[in-house]
Amino acid sequence: GALVRLGACSVRGAAHLNDNALAGIVAANVAATIATDPAPPATGATSESISNAGRTWRVTRSVRPTADPELLRVDITAAGGGGRATLTII
């Protein structure tokens with residue numbers, strides 16, 4: 001009985017880690033798109049739905065200036081399917 005319950009917890013935990021890893025990949029893909037765009041992103045907050053790995057992810061990003069006028073800070077959060085990841089790029 002106890003081993004079966006432990007196994008079920010491990011499977012749920014592994015699925016949660018997998019969901020978080022996928023959310024991290026979605027956030028990294030958005031970051032790569034921003035970083036390779038020749039135009040800087042507009043400041044402010046945006047939200048969009050992105051399909052990836054057969055799931056729909058809610059991606060939010062917040063773009064704001066930094067102390068250096070040549071640099072912007074971009075906070076990206078991807079959430080969906082029980083997973084969540086946040087990534088910041090400058």
Side-chain angles (χ1 to χ4, degrees):
L3 283 179
V4 171
R5 284 193 301 275
L6 180 60
C9 288
S10 293
V11 168
R12 280 193 301 273
H16 181 69
L17 288 174
N18 188 39
D19 291 341
N20 287 339
L22 286 173
I25 291 168
V26 171
N29 286 344
V30 171
T33 300
I34 293 168
T36 58
D37 190 332
T43 57
T46 60
S47 183
E48 64 181 324
S49 293
I50 295 177
S51 294
N52 197 325
R55 299 178 186 178
T56 300
W57 301 89
R58 192 75 185 150
V59 176
T60 58
R61 76 180 191 193
S62 172
V63 181
R64 60 184 179 210
T66 65
D68 182 335
E70 296 292 318
L71 300 175
L72 294 171
R73 175 184 171 135
V74 183
D75 297 306
I76 303 160
T77 300
R84 181 180 180 88
T86 300
L87 177 65
T88 299
I89 60 173
I90 303 290

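Everything numeric here is computed off the predicted structure, so don't read it as measured data. Atom set for the values below is all heavy atoms of this structure, side chains included, hydrogens, waters and symmetry mates excluded.
- Listed by chain and number, the residues in a side chain to side chain contact (heavy atoms under 4.5 Å, CB included) with Ser49 are Thr56, Arg58 (sequence neighbours excluded).
- Atom CD of Glu48 has more than 12 neighbouring heavy atoms from other residues, nucleotides or ligands inside a 6.0 Å radius.
- Scanning all heavy atoms of the two residues, the minimum distance from Arg64 to Asp75 falls at NH2-OD2, 3.6 Å.
- Leu87 and Ala27 make their closest contact through CD2-O, 3.7 Å (heavy atoms, listed as atom of the first residue, atom of the second, distance).
- Closest heavy-atom contact between Gly80 and Trp57: O-CZ3, 3.0 Å.
- Closest non-hydrogen pair, Leu72 versus Pro40, comes out as CD1-CB, 4.1 Å.
- Residue Leu71 holds its CG atom at 11.0 Å from CD1 of Ile89, rounded to the nearest 0.5 Å.
- Using a 3.5 Å distance cut-off with no hydrogens or angles, the side chains of Thr86 and Thr77 do pair a donor with an acceptor.
- Of all heavy-atom pairs spanning Ala23 and Ala78, the tightest one is O-CB, 3.5 Å.
- Residue Gly81 comes nearest to Asp19 through the heavy atom pair O-OD2, 2.6 Å, listed as atom of the first residue, atom of the second, then distance.
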Q: List the steps and the verdict of side chain to side chain contact (heavy atoms under 4.5 Å, CB included) for Arg61 and Ile34.
A: CA-CA 11 Å; Arg61 76 180 191 193; Ile34 293 168; 3.4 Å; yes

